[in-house]
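Have a look at the structure below, then the notes.
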Amino acid sequence: MPLPFGLKLKRTRRYTVSSKSCLVTRIQLLNAEYVEFTLSVESTGQECLEAVAQRLELREITYFSLWYCNKQNQQRWIDLEKPEKPQLDKYGLEPTVYFGVVFYVSYVS
């Protein structure tokens, strides 16, 4: 029986929807709760972050970002300007993305 919208489910390590245009992203929040979002394959990290912020009703998202564990088991921040899927496929150890707080100083002086 075919699925709606021409989606085909494929069991992979990442448990994503195998479609030309959709990707299911699993994100762990700060309280260790998980949420899943269906995004476009071309979606940038910023679009994913905005989806999380909308779900959590956050107004100021400049203090937050998304990160994942790379293959050396080190924390690596997602580049918000680039598509998320290639970053996770190339460098990610596991399919989970983490929502985190970013501390930085914009001006040193």
Side-chain angles (χ1 to χ4, degrees):
M1 175 181 199
L3 293 171
F5 309 113
L7 297 176
K8 297 177 184 174
L9 294 179
K10 181 170 92 173
R11 296 186 98 196
T12 65
R13 190 184 89 151
R14 299 193 183 280
Y15 297 103
T16 59
V17 174
S18 178
S19 172
K20 293 180 181 177
S21 62
C22 294
L23 166 72
V24 176
T25 304
R26 182 177 183 208
I27 301 173
Q28 183 177 352
L29 302 176
L30 296 173
N31 62 355
E33 180 181 317
Y34 289 95
V35 292
E36 290 185 351
F37 295 98
T38 304
L39 301 170
S40 169
V41 174
E42 294 88 23
S43 293
T44 61
Q46 183 66 37
E47 292 172 3
C48 186
L49 180 62
E50 288 172 359
V52 174
Q54 182 179 7
R55 177 85 173 258
L56 298 175
E57 299 178 1
L58 292 175
R59 293 184 187 176
E60 187 65 45
I61 62 172
T62 56
Y63 300 111
F64 301 96
S65 191
L66 302 171
W67 62 275
Y68 61 94
C69 288
N70 67 8
K71 294 178 181 171
Q72 290 78 30
N73 206 21
Q74 298 171 335
Q75 179 180 336
R76 185 172 177 133
W77 293 100
I78 289 180
D79 187 347
L80 298 178
E81 297 176 359
K82 294 182 180 178
E84 180 181 353
K85 185 178 183 321
Q87 294 180 63
L88 294 176
D89 286 346
K90 187 173 183 181
Y91 303 111
L93 176 65
E94 58 183 30
T96 305
V97 176
Y98 301 90
F99 181 70
V101 180
V102 180
F103 292 107
Y104 67 94
V105 178
S106 57
Y107 298 104
V108 177
S109 60

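Keep in mind it's a predicted model, so treat the numbers as computed, not measured. Computation of the quantities below employed the complete heavy-atom set of this structure, encompassing side-chain atoms and omitting hydrogens, waters and symmetry-equivalent molecules.
Looking at heavy atoms from C-beta onward, Ile61 lies out of side-chain contact with Val52 at the 4.5 angstrom threshold. Cys48 has its side chain within reach of Ile27: a pair of non-hydrogen atoms, C-beta onward, lies under 4.5 Å apart.
In this structure, Gln87 CD and Asp79 CG are separated by 5.5 Å, a value rounded to the nearest 0.5 Å. The CZ atom of Phe37 sits 12.0 Å away from atom CD of Glu50, with the distance rounded to the nearest 0.5 Å. Between Cys69 atom SG and Arg76 atom CZ the span is 12.0 Å, to the nearest 0.5 Å. For the atom pair Leu49 CG and Leu58 CG, the distance stands at 8.5 Å (nearest 0.5 Å).
The minimum heavy-atom distance between Val102 and Ser65, with the atom names listed, is CG2-CB, 3.3 Å. The two residues Lys90 and Lys71 have their closest heavy-atom pair at O-NZ, 3.2 Å.
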I'd like to know whether Thr44 forms a side chain to side chain donor-acceptor pair (under 3.5 Å) with Gln46, so could you lay out the CA-CA distance, the side-chain angles of the two residues, the decisive distance to 0.1 Å, and finally the verdict.
CA-CA 5 Å; Thr44 61; Gln46 183 66 37; over 6 Å; no
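Of the candidates Arg55, Arg26, Gln28, Val35 forms a side-chain contact (heavy atoms from CB on, under 4.5 Å) with just one, namely Arg55.
Ring pair Phe99/Phe64 is parallel by interplanar angle, where below 30° counts as parallel and above 60° as perpendicular.
Note on Tyr34: it does not cluster hydrophobically with Ile78, by side-chain heavy-atom contacts below 4.5 Å among ILVMFWY residues.
Every residue meeting the side-chain hydrogen bond (donor to acceptor under 3.5 Å, both in side chains) condition with Glu47, not counting sequence neighbours, appears here in chain and number order: Ser43.
The environment of Gln75 atom CD is dense: over 12 non-hydrogen atoms of other residues, nucleotides or ligands sit within 6.0 angstrom.
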